[in-house]
Participant: 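First the structure, then my questions, so here it is.
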Amino acid sequence: MSAETSAGPGQFVRRRQQFRAWRGTRPFWAGLFVLLSGFPIMYFPYARLQIGHLALAMATTAGAGSLIIGVLLVVLGFSLWFQKHVRVFAGVAAILLALVSLPVSNFGGFVIGFLLALIGGAMAVSWAPGAEGADAPERAEDAEDAGRDQSAAPAADGTRDGLGETNDLSGTSPANGANGRHSAG
């Protein structure tokens with residue numbers, strides 16, 4: 001057996017670039033903060049902390065509530081990573097769960113879990129998908145050139161299709177007399 005690994009030096013760089021591209025298309029940091037916020041909220045109500053010879057038990061009657069809040073925050077963190085279209089719902093839910101964790105689970109996991117969930121939820125709500133990239137205008141020009149080659153391609157203004165009929169389905173065209181109003185029949 002050799003001491004070499006099966007992955008070449010370019011493999012690590014390629015995987016890192018793939019991860020960076022994946023991370024850039026979703027609210028990754030918001031998901032990470034929300035995911036990490038669940039652990040202190042779940043841990044502290046069940047923990048038995050030792051300070052020297054002093055045993056400090058944090059067991060409360062709200063341990064089940066803390067466990068539920070922590071698990072929900074972890075699930076919301078994963079959903080922010082893998083289902084980016086639920087980012088607003090997950091962000092608002094994380095903020096509400098953080099607020100609920102204050103009275104339920106030892107001040108939101110000694111404020112650590114509370115702050116992580118609050119910051120992660122705010123980041124999730126405020127996240128917006130970025131542009132396609134720097135070469136997006138170039139690809140749009142290539143698509144226009146390819147569209148001109150087809151005989152039934154729409155015109156630049158998009159009003160006529162290849163058969164000469166109007167392609168305006170909005171009902172606001174002055175040609176059909178609708179004047180912006182939609183008819184029921």
Side-chain angles (χ1 to χ4, degrees), residues 1-140:
M1 287 185 82
S2 69
E4 296 180 13
T5 61
S6 61
Q11 183 86 9
F12 175 74
V13 173
R14 194 183 77 204
R15 295 284 185 200
R16 197 175 112 239
Q17 289 173 345
Q18 286 175 344
F19 175 70
R20 182 179 288 174
W22 176 83
R23 188 184 69 195
T25 60
R26 58 201 70 245
F28 176 79
W29 293 108
L32 184 67
F33 281 130
V34 171
L35 180 111
L36 291 178
S37 71
F39 293 113
I41 292 174
M42 283 188 290
Y43 175 74
F44 287 124
Y46 295 104
R48 184 175 175 89
L49 303 174
Q50 291 280 355
I51 302 174
H53 293 292
L54 179 66
L56 183 62
M58 302 300 289
T60 63
T61 57
S66 299
L67 186 64
I68 291 170
I69 290 171
V71 167
L72 284 175
L73 284 169
V74 169
V75 168
L76 287 172
F78 279 120
S79 69
L80 282 170
W81 282 351
F82 298 111
Q83 296 180 357
K84 61 185 173 183
H85 58 278
V86 298
R87 65 180 172 79
V88 175
F89 168 76
V92 170
I95 291 170
L96 290 175
L97 285 170
L99 292 172
V100 169
S101 74
L102 279 174
V104 171
S105 70
N106 300 326
F107 296 111
F110 293 122
V111 186
I112 297 168
F114 167 73
L115 288 177
L116 285 172
L118 207 61
I119 292 169
M123 289 171 67
V125 169
S126 66
W127 183 83
E132 282 291 317
D135 60 342
E138 295 171 3
R139 283 188 270 154

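The basis for the numbers below is simple: all heavy atoms, side chains too, and nothing from hydrogens, waters or symmetry mates. Worth saying up front: this structure is predicted, and the values here are computed from it rather than measured.
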Participant: If you round to the nearest 0.5 Å, how far is CD of Gln11 from CZ of Arg15?
Facilitator: 5.0 Å
Participant: Hey, could you give me the OG/CD1 distance between Ser105 and Ile68, rounded to the nearest 0.5 Å?
Facilitator: 11.5 Å
Participant: Compare every heavy atom of Leu73 with every heavy atom of Ser37, then report the nearest pair and how far apart it is.
Facilitator: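 Closest approach of Ser37 to Leu73: OG-CD1, 3.6 Å.
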Participant: List the steps, then state whether side-chain contact (heavy atoms from CB on, under 4.5 Å) holds for Leu99 with Phe114.
Facilitator: CA-CA 7 Å; Leu99 292 172; Phe114 167 73; 3.9 Å; yes
Participant: State, to 0.1 Å, how close Val88 and Val125 come at their nearest heavy-atom pair, and which atoms those are.
Facilitator: O-CG2, 4.0 Å
Participant: Phe78 vs Trp81 aromatic rings, parallel, tilted or perpendicular, using cut-offs 30° and 60°?
Facilitator: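 Geometry flag for Trp81 against Phe78: perpendicular rings.
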Participant: What's the spacing between Ile41 CD1 and Leu97 CG if we round to 0.5 Å?
Facilitator: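 With rounding to 0.5 Å, CD1 (Ile41) is 8.0 Å from CG (Leu97).
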Participant: If you count every heavy atom of other residues, nucleotides or ligands that lies below 6.0 Å from Trp29 atom CH2, does the total exceed 12?
Facilitator: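 Incorrect, the count does not exceed 12.
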Participant: How close do Gly91 and Ala124 get, counting heavy atoms only, and between which atoms?
Facilitator: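 Where Gly91 meets Ala124 most closely, the heavy atoms are CA-CB, 3.8 Å.
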Participant: Might you confirm whether atom CZ of Phe28 has over 12 heavy atoms from other residues, nucleotides or ligands at distances under 6.0 Å?
Facilitator: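 Correct, the count exceeds 12.
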Participant: Take atom CZ of Phe19 as the centre, draw a 6.0 Å sphere, and report whether it contains more than 12 heavy atoms from other residues, nucleotides or ligands.
Facilitator: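 Yes, because the 6.0 Å sphere around CZ of Phe19 holds more than 12 heavy atoms from other groups.
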Participant: At what distance, to the nearest 0.5 angstrom, does CD1 of Ile95 lie from CG of Leu76?
Facilitator: 11.0 Å
Participant: Looking only at heavy atoms, which two atoms of Ala98 and Ala117 are closest? And how far apart?
Facilitator: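 Shortest heavy-atom contact: CB-CB, 3.5 Å.
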Participant: Leu80 vs Arg87, test: side-chain contact (heavy atoms from CB on, under 4.5 Å). Steps then yes/no.
Facilitator: CA-CA 6 Å; Leu80 282 170; Arg87 65 180 172 79; 3.9 Å; yes
Participant: Between CG of Leu118 and CE of Met123, what distance do you get to the nearest 0.5 Å?
Facilitator: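 Leu118 CG to Met123 CE: 12.0 Å, rounded to 0.5 Å.
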Participant: If you define the side chain from C-beta out and look only at heavy atoms, does anything of Thr25 sit under 4.5 Å from Pro129?
Facilitator: no
